[in-house]
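Some notes on the structure that comes next.
Model, not experiment: these values are computed from the prediction.
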Amino acid sequence: MRSKDCGRHDDNRQLAKRISLAVVGFLIVLAVVIFLVWAILHPAKPHFILQDVTIYAFNLTPPNYLTSNMQITLASKNPNDRVGIYYQKLDVLASYRNQQITLPTLIPRTYQGHEDVTIWSPFLLGNDVPVAPFLVVGLNQDMNAGMVLLKIKVFGQLKWKVGTWISGRYQMNVNCPAYISFSDRTKAVQVGLAMKYQLVQSCSVDISLD
């Protein structure tokens, strides 16, 4: 009986070993297939365009407070014909010379299908935001010259979707220049008390591992 028991024990051990090797082999093959699919379908990063900016308020008050309230229209296109994009979390804000001048506005989670275009129109609000004294000088100079360069920034996370497979999270940073003219009113359309600037400005997009 003992000899038979040992034989059965050895058989069970060999069977468990074979099953383990088969599972490991399957996982390796699956990983290789996913890697090859990923390499072949290597996704292109989305294209962002700042279509317009509507300025409701943009003024300085003593000693160094800036109020800047605006609405932007931002378009994103997925250029991939086989890869979808999950935008997990996106925050949008406006800055002037690298200083944030509005609060971040959260864009809801969005799925973007193959070659789809998504358009967002968030409001960016910044009431009585204190700015550095040297920026006040620069901003006054820009406004007197008639042109202010703002940066509309988008930062957040995305995931790629290939078939039923979804990647890990990637960090995305988008930078959109917005040239606002305060001297040439022909470059804007008056909307009530606001001024709407048609820009159609391409944005830079950086994607990196989270």
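In terms of hydrophobic clustering, with Ile, Leu, Val, Met, Phe, Trp and Tyr side chains grouped at heavy-atom distances under 4.5 Å, Phe155 and Leu103 are assigned to different clusters. The hydrophobic clustering, which links ILVMFWY residues whose side-chain heavy atoms are closer than 4.5 Å, places Leu149 and Phe134 apart. Using a 4.5 Å cut-off between side-chain heavy atoms of Ile, Leu, Val, Met, Phe, Trp and Tyr, with links allowed through other members, Leu124 and Leu135 fall into the same hydrophobic cluster. When the side chains of ILVMFWY residues are joined at heavy-atom separations under 4.5 Å, either directly or via intervening members, Ile49 and Val53 end up in two distinct hydrophobic clusters. Residues Val92 and Tyr56 do not share a hydrophobic cluster, clusters being chains of Ile/Leu/Val/Met/Phe/Trp/Tyr side chains in contact below 4.5 Å.
Contact of the Asn69 side chain with the Phe123 side chain is not registered, since no non-hydrogen atoms from C-beta on lie closer than 4.5 Å. By the 4.5 Å heavy-atom criterion applied to side chains, Ile107 and Asp91 are not counted as neighbours. Using a 4.5 Å heavy-atom cutoff, the side chains of Thr54 and Tyr197 are not in contact. For the pair Ser95/Leu150, no side-chain contact is recorded, criterion being any heavy-atom separation below 4.5 Å from C-beta on. A heavy-atom distance below 4.5 Å is not found between the side chains of Gln141 and Val148. Proximity of Leu74 to Ile119: side-chain heavy atoms (C-beta onward) are nowhere separated by under 4.5 Å. Put simply, the side chain of Val205 reaches to within 4.5 Å of the side chain of Met172, judged on heavy atoms. Residues Leu106 and Lys89 form a side-chain contact, since some pair of their non-hydrogen atoms from C-beta on lies under 4.5 Å apart.
For Tyr179, the OH atom sits in a loose shell: 12 or fewer heavy atoms of surrounding residues, nucleotides or ligands are nearer than 6.0 Å. In the displayed structure, Arg169 atom CZ is contacted under 6.0 Å by at most 12 heavy atoms of other residues, nucleotides or ligands. Residue Leu193 qualifies as open at atom CG: its count of foreign heavy atoms under 6.0 Å is 12 or below. The environment of OH in Tyr65 is sparse: at most 12 heavy-atom neighbours from other residues, nucleotides or ligands sit within 6.0 Å. The environment of Asn59 atom CG is dense: over 12 non-hydrogen atoms of other residues, nucleotides or ligands sit within 6.0 angstrom.
Atom OG in Ser204 sits 11.0 Å away from atom CZ in Phe48 (nearest 0.5 Å). With values rounded to the nearest 0.5 angstrom, Thr110 atom OG1 is found 7.0 Å from Leu90 atom CG. Once rounded to the nearest 0.5 Å, the distance linking CD1 of Ile166 with OH of Tyr111 reads 8.5 Å. Of the inter-residue distances, the one linking Leu93 atom CG with Lys151 atom NZ reads 12.5 Å to the nearest 0.5 angstrom. With rounding to the nearest 0.5 Å, the separation of NZ in Lys161 from CD1 in Ile85 is 12.5 Å. To the nearest 0.5 angstrom, Cys176 atom SG is 11.0 Å from Gln51 atom CD.
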Going through the distances and angles, do Asp116 and His114 end up as a side chain to side chain contact (heavy atoms under 4.5 Å, CB included)?
CA-CA 5 Å; Asp116 279 355; His114 309 159; over 6 Å; no
May I have the step-by-step check of side chain to side chain contact (heavy atoms under 4.5 Å, CB included) for Thr67 and Phe58, ending in yes or no?
CA-CA 5 Å; Thr67 293; Phe58 195 86; over 6 Å; no
Would Ser76 and Trp120 count as a side chain to side chain contact (heavy atoms under 4.5 Å, CB included) here? Give the steps.
CA-CA 8 Å; Ser76 168; Trp120 300 286; 3.6 Å; yes
Check against side chain to side chain contact (heavy atoms under 4.5 Å, CB included), Leu199 and Asp52:
CA-CA 5 Å; Leu199 302 176; Asp52 58 61; 5.6 Å; no
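Evaluated for a side chain to side chain donor-acceptor pair (under 3.5 Å) with Tyr87, the options Gln112, Lys159, Arg109 yield exactly one hit, Gln112.
The minimum heavy-atom distance linking Gln171 with Gly156 is given by the pair NE2-O, 3.2 Å. Annotation for Ala178 and Leu50: closest pair CB-CD2, 3.7 Å, computed over non-hydrogen atoms. When every heavy atom of Ser202 is checked against every heavy atom of Pro177, the shortest pair comes out as O-CD, 3.9 Å. Contact detail for Gly192 and Gln190: the closest heavy-atom pair is O-NE2, 3.0 Å. Considering every non-hydrogen atom in both Ser68 and Ile101, the closest pair reads OG-O, 3.3 Å.
With hydrogens and angles ignored, the 3.5 Å screen pairs a side-chain donor or acceptor of Gln71 with a backbone N or O of Ser121. Without hydrogens or angle criteria, Gln198 side chain to Val200 main chain gives no donor-acceptor distance under 3.5 Å. Although no hydrogens or angles enter the test, the distance criterion places a donor-acceptor pair under 3.5 Å between the side chain of Asn78 and the main chain of Val83.
Ring geometry, Tyr170 versus Trp160: the interplanar angle exceeds 60°, so the pair is classed perpendicular (tilted spans 30 to 60°).
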